Amino acid sequence: MKKGKNRVFPIVMTVLIIVIIIYLFATVKQPLVVCEKKTINDLGIAISEELEVTINGSEIDKMVLVKTIKLPEEYLKDDTYINSIMFTLEKSYDYLGDNKVSMSKTQNKVIARVEIDNDETIILNNIEFFDNDELQMKINSNTKSSDVVTLKINDKYTEGELMTRLKNNGYSCR
């Protein structure tokens with residue numbers, strides 16, 4: 001009879017440890033890195049990028065980018081510039097496919113929300129404006145350019161490495 005009682009304790013402990021391990025894996029949160037960059041160019045155009053990156057293990061698992069372009073009063077006489085910026089942004093994100101980009105506009109700004117979680121690439125800090133008798137926008141799509149930050153799903157980063165890379169490119173991270 002003593003042998004039966006001695007076996008119950010190890011079995012109960014084993015089951016308890018397995019339940020605890022399953023609970024820990026189920027409740028572990030993936031690290032979320034949030035970085036933001038705001039700039040105002042010499043034309044008075046404000047560009048804001050807020051990026052949320054979910055890291056799973058040591059790889060980028062998901063990214064959500066909210067890019068806002070706000071125009072100064074002198075470019076708001078009609079909707080031409082706002083509509084042009086919105087159209088150009090939509091076309092620049094065509095490579096991502098359906099349901100990855102949502103666009104909205106207000107009286108003085110355009111907001112693009114980009115959500116990616118497949119094997120896709122996003123380019124940050126890639127918009128430039130200049131005025132040659134009319135406002136023009138240039139989007140740098142060169143993923144190898146040193147002027148932009150390129151991130152891809154499954155890129156290998158720890159939280160600290162990603163934050164350091166973005167901070168070195170003018171972003172503030174939390």
Side-chain angles (χ1 to χ4, degrees), residues 29-56 58-76 79-131 135-174:
K29 288 187 176 181
Q30 296 175 329
L32 180 68
V33 175
V34 179
C35 296
E36 187 174 30
K37 182 175 187 176
K38 293 180 180 181
T39 58
I40 299 177
N41 68 13
D42 55 349
L43 299 173
I45 299 169
I47 302 172
S48 171
E49 292 181 328
E50 181 176 293
L51 178 69
E52 293 181 0
V53 180
T54 304
I55 298 175
N56 187 3
S58 63
E59 292 182 345
I60 294 177
D61 189 48
K62 180 179 178 181
M63 291 184 279
V64 177
L65 171 66
V66 177
K67 188 176 287 206
T68 304
I69 300 172
K70 185 176 180 183
L71 295 178
E73 192 65 38
E74 67 187 85
Y75 296 110
L76 299 174
D79 284 347
T80 305
Y81 291 125
I82 289 284
N83 290 335
S84 177
I85 290 170
M86 190 164 178
F87 176 79
T88 304
L89 280 176
E90 285 174 342
K91 292 302 176 192
S92 73
Y93 291 122
D94 271 353
Y95 72 96
L96 294 173
D98 295 339
N99 301 323
K100 297 289 184 173
V101 179
S102 61
M103 302 288 292
S104 62
K105 68 178 179 176
T106 65
Q107 183 179 359
N108 64 343
K109 64 184 167 186
V110 173
I111 302 166
R113 185 178 192 281
V114 182
E115 187 171 329
I116 60 174
D117 54 8
N118 291 328
D119 189 27
E120 299 155 330
T121 301
I122 193 107
I123 303 173
L124 306 173
N125 194 34
N126 64 331
I127 296 178
E128 208 178 311
F129 287 93
F130 51 96
D131 191 336
L135 184 64
Q136 297 178 8
M137 182 169 99
K138 177 182 169 191
I139 296 181
N140 185 352
S141 60
N142 181 355
T143 60
K144 304 290 185 201
S145 173
S146 62
D147 297 333
V148 300
V149 177
T150 303
L151 297 173
K152 186 175 182 177
I153 298 294
N154 298 326
D155 277 353
K156 303 243 185 256
Y157 284 103
T158 64
E159 285 176 84
E161 291 169 338
L162 181 60
M163 289 172 87
T164 299
R165 175 158 187 224
L166 290 170
K167 284 180 180 180
N168 288 342
N169 284 282
Y171 289 79
S172 61
C173 298
R174 55 183 191 266

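Heavy atoms only: backbone and side chains are in, while hydrogens, waters and symmetry mates are out. These numbers come from a predicted model, not from an experiment.
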Side-chain heavy atoms of [X] within contact of [Y], under 4.5 Å:
X: F129; Y: I47; value: yes
X: V101; Y: L96; value: yes
X: N142; Y: V148; value: no
X: D94; Y: K91; value: yes
X: S48; Y: E36; value: yes
X: N41; Y: T39; value: no
X: L89; Y: V110; value: yes
X: V33; Y: C35; value: yes

Taking all non-hydrogen atoms of both residues into account, name the closest pair between [X] and [Y] and its distance.
X: K156; Y: E161; result: O-OE1, 4.3 Å
X: I123; Y: K67; result: O-NZ, 4.1 Å
X: A112; Y: M103; result: CB-SD, 3.4 Å
X: P72; Y: G44; result: CD-O, 3.6 Å
X: M163; Y: C173; result: CE-CB, 3.6 Å
X: K109; Y: I82; result: N-CD1, 3.6 Å

Once you round to the nearest 0.5 Å, how far does [atom1] of [X] lie from [atom2] of [Y]?
X: S102; Y: I111; atom1: OG; atom2: CD1; answer: 9.5 Å
X: L71; Y: L43; atom1: CG; atom2: CG; answer: 10.0 Å
X: L135; Y: E74; atom1: CG; atom2: CD; answer: 9.0 Å
X: E115; Y: I122; atom1: CD; atom2: CD1; answer: 11.0 Å
X: K152; Y: N118; atom1: NZ; atom2: CG; answer: 11.5 Å
X: D155; Y: D61; atom1: CG; atom2: CG; answer: 12.5 Å

Tell me whether [X] contacts the main-chain N or O of [Y] through its side chain, where contact means a donor paired with an acceptor under 3.5 Å.
X: S58; Y: T158; result: no
X: N126; Y: N140; result: yes
X: T164; Y: G160; result: yes
X: E49; Y: N125; result: yes
X: Y95; Y: T121; result: yes

- Query: Does the side chain to side chain contact (heavy atoms under 4.5 Å, CB included) test come out yes or no for R113 and L65, once each step is laid out?
  - Reply: CA-CA 6 Å; R113 185 178 192 281; L65 171 66; over 6 Å; no

- With side chain to side chain contact (heavy atoms under 4.5 Å, CB included) as the test, would you mind laying out the steps for I127 and I69 before giving the verdict? CA-CA 10 Å; I127 296 178; I69 300 172; 3.8 Å; yes

- With side chain to side chain contact (heavy atoms under 4.5 Å, CB included) as the test, would you mind laying out the steps for Y157 and L151 before giving the verdict? CA-CA 10 Å; Y157 284 103; L151 297 173; 3.9 Å; yes

Heavy-atom neighbours of [X] [atom1] exceed 12 at 6.0 Å:
X: K105; atom1: NZ; result: yes
X: N99; atom1: CG; result: no
X: F130; atom1: CZ; result: yes

- Item | salt bridge (charged side-chain N to carboxylate O under 4.0 Å, His left out) assessment of K100 paired with E120 | CA-CA 11 Å; K100 297 289 184 173; E120 299 155 330; 3.8 Å; yes

- Item | Y75-N108 side chain donor-acceptor pair, cut-off 3.5 Å | no

- Task: Would you please test L51 and V53 for side chain to side chain contact (heavy atoms under 4.5 Å, CB included) and show each step?
- Result: CA-CA 6 Å; L51 178 69; V53 180; 3.6 Å; yes

- Query: Below 4.0 angstrom, N of the basic side chain to O of the carboxylate: do K62 and E52 qualify?
  - Reply: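 Looking at E52 together with K62, the answer is no, because their closest N to O distance does not fall below 4.0 Å.
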
